[in-house]
Each structure stands twice: as structure tokens, then as C-alpha cells.
Amino acid sequence: MPAVRLHDTLTGSVREIEPIAGPQGPVTFYSCGPTVYDDAHIGNFRSFLNADLLRRTIELTGVPVRHVMNITDVGHMTDDAQADGGGEDKMAVAGRRLAEAKKSGQLPAGADIDPSDPLAIANFYADRFLQDARLLGLKVADEVQSDPSIMPRPTRWIPQMIDMVRRLIDRGHAYVAGDGVVYFDVRSFPDYGRLSGNTLDQLREGQGGRVSAANQANKRHPADFMLWKPDPAHLMKWDSPWGPGYPGWHLECSAMAAGLLGEQIDLHSGGEDNIFPHHECEIAQSRCCHGGPAFARHWFHTRHLMVEGQKMSKSKGNFFTARDLFAKGVTPAALRLELVRTHYRVNANFTLQGLADGQRMIDRWARHAESLASAIEGLRSTGAAAAAARHAAAASGPLERAVEDFGAALRDDLNVARAIATLNEALAKDHADACPARELAALRRMDTVLGVLDRNAPVASKASEDLEARVTELLSRRAAARAARDWAASDRVRDELQALGVQVKDGPSGTTWTRVVR
RNA sequence: GGCCGUGUACCCAAGUGGCCCAAGGGAACGGAUUGCAAAUCCGUGAUUCGUGGGUUCAAAUCCCACCACGGCCUCCA
């Protein structure tokens with residue numbers, strides 16, 4: 001099967017993925033994962049899910065992927081902007097927030113953690129992230145259960161980071177400044193700026209409004225970034241040749257990618273905001289430490305997610321977490337599709353309407369899967385050997401024929417919209433003569449990438465159970481009214497259900513209901 | 001100031017020189033169905049691609065200018 005063609009941020013070109021290990025793979029793929037000071041929001045998940053979509057697309061071509069995603073549990077500083085570390089430790093901020101939540105009884109049941117223990121805070125949010133990620137079908141979050149190394153935590157990689165700092169100093173790419181901080185010397189790496197376009201002569205000191213001249217005094221160049229900060233007062237600290245302190249925040253990915261995947265890797269992903277400075281700095285560190293022509297062969301960056309046409313940011317407070325939406329009755333399938341259906345190199349606009357649009361599409365796919373399954377079951381139970389033989393000999397059905405185009409669309413730089421259109425077109429075609437087993441297999445194969453058929457149900461919770469009980473009670477009242485042909489009473493109950501956000505459907509085989517997302 | 005991305009129907013969105021009087025989904029509308037609905041199924045739906053020029057036999061697709069929106073330039077996915 002042809003290889004996946006993918007855009008690469010570094011060269012700006014679309015190229016085939018050619019695994020370092022050879023055409024049979026595996027493809028080595030490192031994704032910048034979440035920080036665990038708080039719950040991940042849907043913008044984070046757009047980036048993680050696009051990485052997941054990429055790895056599933058590669059796997060669809062028959063090439064295995066070794067996908068690593070870190071979980072950043074080191075408490076970095078709120079004012080990392082100052083590059084030499086400043087402000088407050090984010091883990092401490094999270095701890096204070098948790099302590100307050102604990103006091104007011106807002107902590108979820110069973111979450112009895114010590115808000116002064118940074119690792120406990122990190123683990124608390126990491127567990128919640130993994131729950132969300134599994135619901136959304138992030139494959140790496142499933143794999144981590146049998147292979148913990150696949151989602152590494154930087155707090156367990158400090159020796160490797162220290163080793164990298166030492167090597168960078170030895171090779172003349174880093175120095176200890178007057179304030180005792182170890183900095184990377186950007187002028188020692190001529191390619192600095194190639195990824196982001198922020199070359200040293202173009203970089204404007206403090207253009208982001210966050211770097212003050214005073215904090216630059218100790219550095220040889222304003223763009224020099226911190227590798228190790230000695231700070232005995234820091235919440236999390238480790239011994240090092242430069243005194244007890246903590247590592248710079250770019251270092252963890254360089255160390256873990258090299259340790260788990262190799263000094264050179266095939267793919268590296270992150271959100272677009274990671275391009276600079278994070279990935280620019282990673283490239284500098286990794287290449288200067290390990291040598292070699294490249295760090296990652298392909299850089300894969302997902303653009304930001306807007307919400308209802310507005311920029312989403314923590315400060316604006318217009319962001320949703322995955323859990324917020326699950327609590328509203330949004331299915332993981334709908335959220336997954338909504339976050340992945342817009343091409344990764346375009347800003348996506350997240351809307352409740354879009355979520356509903358996608359849900360209808362998924363429901364149609366799911367109905368087809370069910371009807372195919374029951375057709376198979378029907379043939380089996382009637383022992384229709386003749387029909388089975390006819391099906392086996394039948395020409396390919398519409399879904400089976402769509403698989404190739406579906407895959408081709410995805411292989412073309414992840415053209416999800418075209419892939420979905422291919423599927424929808426096939427579904428609208430007549431498949432009366434097609435073999436249901438082969439058709440279902442084809443649909444399932446396409447779903448190995450989309451990943452929606454098996455997560456198309458609302459997430460159960462205490463609230464959803466309460467709602468269900470209430471709805472069941474109202475529905476039986478309505479059924480009684482309908483049996484008595486008391487339409488007025490029946491409609492009153494339906495209005496009541498509507499007020500609860502429940503849509504009633506009377507079908508030939510009884511009444512069903514769904515939650516309306518508002 | 002530098003780097004980058006986007007502008008296609010009411011909404012989301014594909015299309016990157018002829019197969020485009022432009023895919024797919026949703027909404028809307030019409031029909032079937034229904035106690036009435038919802039859901040479902042069938043059908044309708046842009047002679048036009050931010051604006052203005054240009055190149056070409058041929059442009060949504062290439063070039064120029066302009067307008068608008070978004071991202072990054074050391075917190076951020």
C-alpha cells in the first residue's frame with residue numbers, strides 16, 4: 001500500500017513518510033502530551049486526537065507505529081516567559097486550587113489527595129486525563145496500560161536530562177551563567193529558527209511582551225534558553241552538578257524521545273503553539289547533543305481550535321474540557337469526530353451545532369452497522385446456505401469498494417473530510433446484493449481510523465443515572481396516557497421531558513429517547 | 001516589525017488549471033411516515049468560490065494589489 005503523505009512544518013512540504021527503520025516500520029512517533037496542572041480542554045484534545053488519527057492512518061497502511069506521548073508532571077513556572085524561570089510554580093497554583101475545592105467539598109468523590117504534594121496533584125490530573133483520553137479513543141492511552149513506558153513522566157527522566165545538559169556543556173553548546181543557571185547557547189546552532197522562521201536576527205526581544213531586559217542580563221543572547229535552574233526553594237527539585245534545582249521545560253521531550261524512540265525519530269507532533277519556542281529548542285538541544293542531520297523527519301502541528309468563532313483561552317474562560325461536554329450528554333464519538341473532522345492545518349471552529357451535525361452522521365453509520373449485523377445474524381439463523389454462497393461470490397458492495405478511496409483520502413495529508421464523504425456516498429448506494437459480512441468488515445475497517453462506532457453512547461455518571469430513572473418514570477406515565485388515547489396528557493409529559501433535555505421518539509418497536517445537547 | 005495560516009451556499013466543509021453551471025454533512029423547504037411530533041427514508045438546494053485587476057483557449061484553483069479574520073514571536077495544544 002502506498003505510504004502516507006504528510007505536511008512537514010520544517011520544510012513546508014508534503015512528503016511521504018519513510019520510516020527510518022525501513023518500509024516495514026515501525027514508525028517512531030513522539031507527541032507532546034498534556035501538562036497535568038488541570039484538566040485537559042478540547043483544544044488540547046484536538047491536537048492529541050489528530051496525532052491519534054495520524055497514527056491510525058499509518059496503521060491502516062499496514063505499518064506499525066510506536067507512539068509515545070509524554071505527560072508533563074514537572075511543575076514549571078507561571079512566568080517561564082522570563083526564560084530563566086520566575087513567577088510561581090504551576091503545580092503550586094494547582095495545589096492551592098485543589099485545597100480550596102477540598103475545603104468547599106467540590107472535589108469529586110474518592111479524590112482524597114494532599115494538595116501540598118506536587119506529585120500527588122500531577123497523578124490526580126494524569127489519571128483524569130487518561131480517563132478522558134480512553135473515552136475519546138486515544139490509542140496510546142489504552143496501550144499505556146500494558147506498557148507504562150509509552151506515556152513517560154519527566155520526573156522519572158531527570159538523570160537523562162542532566163546527562164544531556166552535561167553533554168551540551170562539554171560540546172560547547174551550553175554555559176553556566178553568572179546567576180548559576182545553565183543556558184543553551186543559541187548562537188552555537190546555526191539552524192536555530194528554521195522551524196518557526198524566528199531566526200535570531202528576526203527575533204524581537206520581548207515582542208511577546210513577556211521578556212524584560214532585566215532578566216536577560218545574565219544571558220549571552222536574549223534567545224538563549226534555560227536548561228537547568230538551580231533553585232533550592234523550588235517545589236520539585238533534584239540534585240545536579242549545578243546545584244539542586246529543576247530542568248528547563250524543553251529538555252524533557254528531547255531526553256525522553258531519545259531514550260524511548262532513538263536519537264532520530266520519524267514523527268514529532270504538537271499544537272501550533274509548540275512550534276516556537278518549544279520545538280525549536282528541542283531541535284537545537286537534540287541535534288547539538290546527538291549530532292546527526294535531523295531530530296524528527298516530520299513535524300506535525302495542529303492549528304488551534306476556536307470556540308463558537310472566538311479564540312479559546314484559559315483567561316477568557318470560554319473553554320470546555322472533555323468532561324464538561326460528557327456531562328452534558330455529548331457522546332465521546334461526537335466529540336472525537338468534531339475535533340478531528342476539520343483539517344489539522346486550518347483553525348477549526350468548535351460549535352455545539354457542529355457537534356450535533358456530527359452526531360447525526362455517526363448515528364447513521366451506527367445504524368448501518370447494526371442493520372448489517374442483523375442481516376448476518378438473520379442469514380445464520382435461517383441456515384441460508386444458498387444465500388451465503390451467493391454473497392461469497394457476489395461482487396464487492398459499495399462499502400467494500402469505498403475502502404480504497406477512504407484510505408487514499410487519509411493518506412493524502414489526512415484529508416478526513418474527503419474520507420468521510422467517501423463513506424457517506426457509499427452508504428447512500430444500493431447494497432441489497434452485497435455480502436453483509438464483507439460490508440460490515442469494510443465499515444469496521446474505516447472505523448479503525450475514525451474510531452467512533454464503539455463510543456457512541458453518553459458517558460454514564462450519577463447525574464445521567466438520575467436522569468434515566470426520571471425519564472423511565474415519565475415515559476411509563478406517557479405510555480399509559482397514549483394507551484388511553486389521552487393525547488393532551490401524553491403531550492404534557494412529552495413537554496416535561498423536553499424541558500429535561502430529552503427528545504422522545506415513538507417507533508414501531510416502542511418508544512426510545514435521546515439527550516439533546518444544549 | 002518578522003514568520004505562518006485562512007476567506008467556497010444559512011452553518012460546518014472538500015476541491016490546488018479543463019472530469020466544477022463546485023463533493024459530503026447539517027439546517028431549511030417539499031413528499032412519505034406519525035394521534036400530533038421527533039427520528040427515519042426520498043427529493044429540492046451555490047451559473048458561483050472575500051474584493052478588484054491580470055495570465056491563459058480554459059481559473060475557486062496561477063500572478064499582483066487590496067480588504068477581513070486567526071495563530072506564533074519565550075505560560076499555552
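- For B:G71, its base never sits under 3.5 Å from the side chain of A:D273 at any donor and acceptor pair.
- Taking atom CZ on A:R345 and atom C1' on B:G7, their separation rounds to 17 Å, with Å as the unit.
- Closest contact between the side chain of A:Q353 and the listed nucleotides B:A37, B:G26, B:G24 involves B:G26.
- Nucleic acid contact class of A:R478 (heavy atoms, under 4.0 Å, all strands): base.
- If you take atom P in B:U33 and the same atom in B:A38, they sit 15 Å apart, rounded to whole Å.
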Pair A:R220-A:D185, salt bridge (Lys or Arg N to Asp or Glu O under 4.0 Å): steps then yes or no:
CA-CA 7 Å; A:R220 292 180 186 166; A:D185 178 2; 3.7 Å; yes
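- Separating the CD atom of A:E280 from the C1' atom of B:G2 is a distance of 14 Å, rounded to the nearest angstrom.
- Applying the salt bridge (Lys or Arg N to Asp or Glu O under 4.0 Å) criterion to A:E404, with sequence neighbours excluded, gives A:R411.
- Applying the ring-ring contact (aromatic ring centres under 6.0 Å, His included) criterion to A:H298, with sequence neighbours excluded, gives no partner residue.
- Remark: side-chain polar atoms of A:R336 are not paired, donor with acceptor, to backbone N or O of A:V452 under 3.5 angstrom.
- Taking a pair to require two hydrogen-bonding distances under 3.5 Å in either a Watson-Crick or a G-U wobble arrangement, B:C62 pairs with B:G54.
- Across all strands shown, B:U16 has no partner, as no Watson-Crick or G-U wobble contact with both distances under 3.5 Å is found.
- With a 3.5 Å ceiling on both atom-pair distances, B:A22 lacks any Watson-Crick or G-U wobble partner.
- The separation of B:C4 from B:C11, taken at their P atoms, amounts to 30 Å, rounded to a whole angstrom.
- Between A:K429 atom NZ and B:A23 atom P there is a gap of 15 Å when expressed in whole angstrom units.
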Does the protein touch nucleotides 12-17 of chain B at the base, only the backbone, or not at all? Give it as B, S and - per nucleotide, heavy atoms under 4.0 Å.
-SSS--
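- With respect to A:H301, the ring-ring contact (aromatic ring centres under 6.0 Å, His included) criterion is satisfied by exactly one of A:H278, A:H7, A:H279: A:H279.
- Comparing B:A22 with B:A14, their C1' atoms are spaced 9 Å from each other, to the whole Å.
- Atom-to-atom, CD of A:Q359 to C1' of B:A27 comes out at 17 Å; the value is rounded to the nearest Å.
- Within the shown strands, B:C4 is the pairing partner of B:G70 under the Watson-Crick or G-U definition, both distances less than 3.5 Å.
- In terms of position along RNA chain B, the nucleotide closest to A:P277 lies nearer the 5' end than the nucleotide closest to the other residue of the pair A:G43 and A:P277.
- By the salt bridge (Lys or Arg N to Asp or Glu O under 4.0 Å) test, A:R515 pairs with no residue at all, sequence neighbours left out.
- Residue A:R482 is classed as a base contact, given a heavy-atom separation below 4.0 Å to a base.
- Mapping A:M306 and A:A356 onto RNA chain B via the closest heavy atom, the residue that lands nearer the 5' end is A:A356.
- Minimum atom distance to the side chain of A:F276 is reached by B:C72, of the listed B:G26, B:G25, B:C72.
- Of the candidate nucleotides B:A39, B:G25, B:A23, B:G25 has the atom nearest to the side chain of A:M361.
- Contact annotation for A:L305: base contact, defined as any heavy-atom pair under 4.0 Å involving a base atom.
- The ring-ring contact (aromatic ring centres under 6.0 Å, His included) pairs that include a residue from residues 352-374 of chain A are A:H368-A:H431, where partners are two or more places apart or lie in different chains.
- Atom-to-atom, CD1 of A:I420 to C1' of B:G25 comes out at 9 Å; the value is rounded to the nearest Å.
- Residues satisfying the ring-ring contact (aromatic ring centres under 6.0 Å, His included) test with A:F406, not counting sequence neighbours, are none.
- The A:W487 side chain lies nearest to B:G35 when the options are B:A23, B:G35, B:C73.
- When the P atom is used for both B:A46 and B:A32, the distance is 24 Å, rounded to whole Å.
- B:A39 atom C1' lies 13 Å from atom CD of A:Q498, rounded to whole Å.
- Between the side chain of A:R494 and the base of B:C36, at least one donor-acceptor pair of N or O atoms lies under 3.5 Å.
- Within the nucleic acid shown, A:T302 has no heavy atom closer than 4.0 Å to any nucleic acid atom.
- A:T302 contributes atom OG1, which lies 9.0 Å from atom NE2 of A:H343 (distance to the nearest 0.5 angstrom).
- Of all non-hydrogen atoms in A:S196 and A:F276, the two that sit nearest each other are OG-CD1, 3.2 Å.
- Base pairing annotation: B:A9 forms no Watson-Crick or G-U wobble pair, as no partner gives both donor-acceptor distances under 3.5 Å.
- Residues passing the ring-ring contact (aromatic ring centres under 6.0 Å, His included) test with A:F295, sequence neighbours excluded: A:H268, A:W299.
- Across the P atoms, B:G18 and B:C63 are found 15 Å apart, a figure rounded to whole Å.
- If you take atom P in B:G5 and the same atom in B:U47, they sit 30 Å apart, rounded to whole Å.
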Using atom types as modelled, flag every donor-acceptor pair under 3.5 Å from a side chain in residues 348-363 of chain A to any protein atom, sequence neighbours excluded.
| from | atom 1 | to | atom 2 | distance (Å) |
| --- | --- | --- | --- | --- |
| A:N349 | OD1 | A:E308 | N | 3.2 |
| A:N349 | OD1 | A:G309 | N | 2.7 |
| A:T351 | OG1 | A:G354 | N | 2.8 |
| A:Q353 | NE2 | A:D357 | OD1 | 2.8 |
| A:Q359 | OE1 | A:T331 | OG1 | 2.6 |
| A:Q359 | NE2 | A:D363 | OD1 | 2.9 |
| A:Q359 | NE2 | A:N456 | OD1 | 2.7 |
| A:D363 | OD1 | A:N456 | ND2 | 3.0 |

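- With both ends at atom P, the span from B:G45 to B:G25 equals 14 Å, rounded to whole Å.
- A straight line from CZ of A:R303 to C1' of B:G70 spans 9 Å, rounded to a whole angstrom.
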Protein and nucleotides 40-43 of chain B: nitrogen or oxygen contacts under 3.5 angstrom:
| from | atom 1 | to | atom 2 | distance (Å) |
| --- | --- | --- | --- | --- |
| B:U40 | OP2 | A:R360 | NH2 | 2.6 |

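- The nearest whole Å value for the distance from the NE2 atom in A:H301 to the C1' atom in B:C76 is 13 Å.
- B:G35 and B:A13 have their P atoms separated by 40 Å, with the value rounded to a whole Å.
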